[in-house]
Amino acid sequence: MQAYEFRYGPKLIAGPGAARRLAELLPRGRCLFVTDENVRALGLADAVLDSLPDAVIFDAVEQDPSRETLMAAVAAGEGCESVVGFGGGSPMDVAKLAAYLIATGEDLDILWGVGKALGQKLPLALVPTTAGTGSEATAVTVITVGGSEKRGVNSPSLFADWAVLDAELTLTLPRSVTAATGIDAMVHAIEAYTSARLKNPMSDMFARKALRLISDNLLKVCDSPDDIDARGKMLLAAHLAGIAFANAPVAGVHALAYPLGGHFHVPHGLSNALMLTHVLGHNMEAARPLYAQLGAMLDPSVKDIGQQGQAQAFVQHLAGLSRAAGVPQRLAEVGIGPEHLDLLAAEAMKQERLLINNPCPISQADARRLYEAAL
Ligand SMILES: [Fe+2]
């Protein structure tokens with residue numbers, strides 16, 4: 001067995017109503033509360049904010065948050081003693097990096113990449129309101145720079161102190177968001193399980209459990225949004241997948257999904273769903289044994305049909321889940337046409353930090369072909 005390292009996630013606080021415990025977790029003093037307008041409008045944060053009367057509220061985080069938004073959050077949080085990220089991946093990502101920048105005063109431009117942020121951030125609690133990104137479990141923040149380029153800061157210094165999983169917060173999510181964010185979590189689990197460099201027995205265990213929970217609960221939460229038990233299982237699954245890919249990073253599906261968000265503002269989960277089966281098809285030769293293992297786990301009835309059949313059954317199972325959840329399947333449905341293929345393929349090549357984790361190489365010509373297949 002090869003040597004490996006594994007990091008567990010933040011301290012987990014889980015259960016219906018868990019978010020109302022935030023005030024008792026945080027240190028005394030003002031906290032910067034990072035969220036977005038949609039979360040505010042839905043009233044999801046009202047009960048929590050009642051318990052944090054001195055909080056400085058920053059609710060201007062947009063989808064695919066920009067450097068400017070991040071720096072505005074940092075300015076708003078000056079003098080704060082702690083930070084809360086409350087919402088989907090975007091508010092949580094901004095909160096992570098804001099907690100670091102407020103405490104250290106460092107220049108953002110020296111932090112891009114892996115392991116560059118070495119200072120001490122403010123105490124940080126992350127509260128997801130979607131079951132998808134797993135951002136509350138990871139030390140990665142993705143920020144959009146210069147209008148379209150996605151850049152990441154990935155460093156253990158960004159791990160949250162507390163992750164709060166409160167299924168009550170996800171009961172009002174619209175079906176389209178529930179489905180797309182659930183597919184994002186599913187892709188995290190699959191890409192962690194097949195990650196080329198850092199996969200290990202621990203990340204495998206988290207990825208398998210996450211995938212099992214998603215396969216069992218994704219359609220339940222789409223069809224019965226009030227099912228708080230299934231909602232809780234999806235939140236847990238997204239968190240477990242987050243821990244898995246915090247250790248065994250995501251790869252080709254995410255590399256090809258990011259340009260769809262960066263240039264066309266396709267939501268992150270939907271971007272992943274659109275590229276999922278095409279990239280898995282490309283990876284099939286290299287990842288067949290692993291896809292077969294996952295296929296046999298999700299559907300024991302395929303255990304006697306051989307590795308090739310199991311791997312194909314796995315990809316078909318995922319495609320079936322995505323379709324049944326009602327997620328768009330073609331790039332044309334989000335306004336992307338053949339005239340965009342060259343741009344997308346060139347942009348995907350910039351995601352080197354993700355492409356190196358793919359089970360097999362993806363060239364620019366491969367990327368163009370995969371986008372074309374997804375049109
Ligand atoms: Fe993702």
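Whatever order the structure lists them in is the order used to number ligands and atoms, beginning at 1. Predicted, not measured: the structure shown is a model, and the values here were computed from it.
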Can we say [X] and [Y] salt-bridge, meaning some charged N sits less than 4.0 Å from an Asp/Glu carboxylate O?
{"X": "Arg369", "Y": "Glu372", "value": "no"}
{"X": "Arg40", "Y": "Glu37", "value": "no"}
{"X": "Asp64", "Y": "Lys150", "value": "yes"}
{"X": "Asp204", "Y": "Lys199", "value": "yes"}

Completion exercise
The protein N, O or S atoms lying under 2.8 Å from the Fe ion (ligand 1) are Asp184 OD1, His188 NE2, His254 NE2, His268 NE2
Practice task
Ignoring hydrogens and angles, tell me if any N or O in the side chain of Tyr291 forms a donor-acceptor pair with the backbone of Gln312 under 3.5 Å.
Solution key: no
Handout entry: Pair Thr35-Asp59, side-chain donor/acceptor within less than 3.5 Å
Key = no
